[in-house]
Amino acid sequence: MDIRMRREDWLFLAICLGVGILGEEAFTRGQIGISYFVFIAAFYSAFFWRFRGFPFRHQRLGWLVLGVIWLLSASYFLFDSEVFYGLNIFAIPALVVFHIALITGPKQAHWAHPVFLVYILKRIGASIAYNTAITRLFGRLALRKSGGGKGVVAKKILIGAAVSLPVLAVVLNLLISADSQFERILSGFPDWFSISGETVFRIVAALFYTFAFFGFLQVNLKRRLEIHQLKNGGPAGLVDPVTALTVLVILDAVYVLFVAVQFKYFFSGTLGEGFTYAEYARRGFFELVFVSLINLSVTVAVLTFSKNGGLRLWRTVQGALSVLVLATGVILTSAFMRLMMYEEAYGFTFTRVLVHSFMIFLLVIFCYTFAKIWLARLSLLHFYFISALVFYTAINVVGIDHIVVDRNLERYEETGKIDLRYLAYMSDTGTLGLVKLYREQPETPGLKELLLEKKQSLPEQERWQSFNLTREKAEAALKQLELE
């Protein structure tokens, strides 16, 4: 690849260097907090400056994805969930790459088609090739600067420096022996140029971020690959409708029998004989996994890949699919109720509330899939992607930790049961909940000792990158408590 750098390209490279240095400061200086939001603001400021006047594509979806990116990055400042802290480190960069490829791609780009993933991978490969070409360009410029008479002078200077080294060693040795002050000054000379391994790492990280941003954005600005769609929209018509109907009838018979026999057991609100609450909830969870992996996959496969076998036969297939989806809804409801019973008996945790929210999401998915069975014009992939994006963002910003703390405190008022240590170490939101409980009921057994332990372990000072609003509130609340 042969490239030419114009004045604006050099200016943008300098801007990317600034963003790269900010990225190194944001992500390698300790725990991530407000720094992620600051970095996203700087990155997109550079992006929109570079792409000013650019004809963006898919702007409605683009604005949705951009809003999701902003909210997820803000969650590092607003909340302190360890689960989403780890997930979003990878989710946000993936969404940024998808967003830029989406709004800068070809007009005919069908983002819900698997071929779009190939397009994104080609963009990443092209950015690596672009940076390789940039490296060669820098090499040519360096050789050109040192060519001709200047190159000869540089060589003579190096030869003179090499020849002077033995003489310099003898002279310095004599001068050091003559003056102790001079010796003290020279003894610190190596420290003037010492570079730690951490410094080298940070320089490499800043340069990596710089050229990753520069190469990817330059490629999307200057070279727009075409996306070649598959003919007829993909590999439809692979499954014979009679075969599909046979599979559906067998599955429907199993589910109808299962629901009919177990209906009272599902919704009676009591445990079956010989079952503990843990076994009851665990069985409901595996039913959920079974529903999501088997029934949804079968339904989507039949809707996507079935051949056209005539209107009457297709109506029968639609009926069988409807029975499958409705039976799945009954099992989902049963699993939801089982988990509610488990929470009432053993309390609320982050994982249990997250599973609950995922059940609701699956129910929405199945409702839309049911509509798709009878309305062929609806697109499953579009809805699945957008709803998953909205769902993931919602569970990030709704504050699941707040829900867990509030429900556990309500349960404590009703039953007198609470897991103080779980709340204390689930997140800083749990610490805030315990502080609230202490102010209302300071006599709660073990609460004072736990808060004192938390107060004594408070950090003295944090970097600006790690600033988090919830953590700041929890630390301030602990410091205000008089526990001695």
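- Contacts classified as salt bridge (charged side-chain N to carboxylate O under 4.0 Å, His left out) and involving residues 351-379 (residues at least two apart or in different chains) are not found.
- Side-chain atoms of Thr369 and Tyr384 form a donor-acceptor pair, as typed in the model, at a separation below 3.5 Å.
- A salt bridge links Glu410 and Arg407; the closest N-O separation between the charged side-chain nitrogens and carboxylate oxygens is under 4.0 Å.
- Between the side chains of Asn295 and Thr328, at least one donor N or O lies within less than 3.5 Å of an accepting N or O.
- Paired with Phe37 under the rule ring-ring contact (aromatic ring centres under 6.0 Å, His included), one option of Phe77, Trp70, Phe467 passes, and it is Trp70.
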Got a list of side-chain donor-acceptor pairs under 3.5 Å for residues 315-324, not counting sequence neighbours?
unit_1	atom_1	unit_2	atom_2	d
Arg315	NH1	Gln318	OE1	2.8
Thr316	OG1	Arg312	O	3.0
Gln318	NE2	Ile373	O	2.6
Ser322	OG	Gln318	O	2.8
Ser322	OG	Trp374	NE1	2.9

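- Using a cut-off of 4.0 Å between Lys/Arg side-chain N and Asp/Glu carboxylate O, Glu343 and Arg411 are scored as not salt-bridged.
- Ring pair Phe358/Phe391 is tilted by interplanar angle, where 30° to 60° counts as tilted.
- Within the 4.5 Å cutoff, no side-chain heavy atoms of Ile103 are placed close to those of Leu61.
- Proximity of a side-chain donor or acceptor of His356 to a complementary backbone N or O of Phe336 within less than 3.5 Å is detected.
- Residues Phe211 and Leu17 fail the side-chain proximity criterion, which asks for heavy atoms closer than 4.5 Å.
- You'll find the ring centres of Phe370 and Phe366 outside the 6.0 Å limit.
- For Phe208, the CZ atom counts as loosely surrounded, since its 6.0 Å shell holds 12 or fewer non-hydrogen atoms of other residues, nucleotides or ligands.
- Between Phe43 and Phe47, the ring planes are parallel. Angles under 30° get that label, and only those over 60° would be called perpendicular.
- Every residue two or more places apart in sequence or in another chain that forms a side-chain hydrogen bond (donor to acceptor under 3.5 Å, both in side chains) with Asn88 is listed here: Tyr392, Asn396.
- Residues Arg57 and Thr104 have side chains that never bring a donor and an acceptor to within less than 3.5 angstrom of each other.
- A donor-acceptor pair shorter than 3.5 Å can be found between the side chains of Gln218 and Arg50.
- Aromatic rings from Phe84 and Phe350 are positioned such that their centres are separated by under 6.0 Å.
- Residue Gln59 qualifies as enclosed at atom CD: its count of foreign heavy atoms under 6.0 Å is above 12.
- Side-chain polar atoms of Thr470 and Asp428 form no donor-acceptor pair below 3.5 angstrom.
- Under the 30°/60° scheme for interplanar angles, the aromatic rings of Phe98 and Phe385 are found to be tilted.
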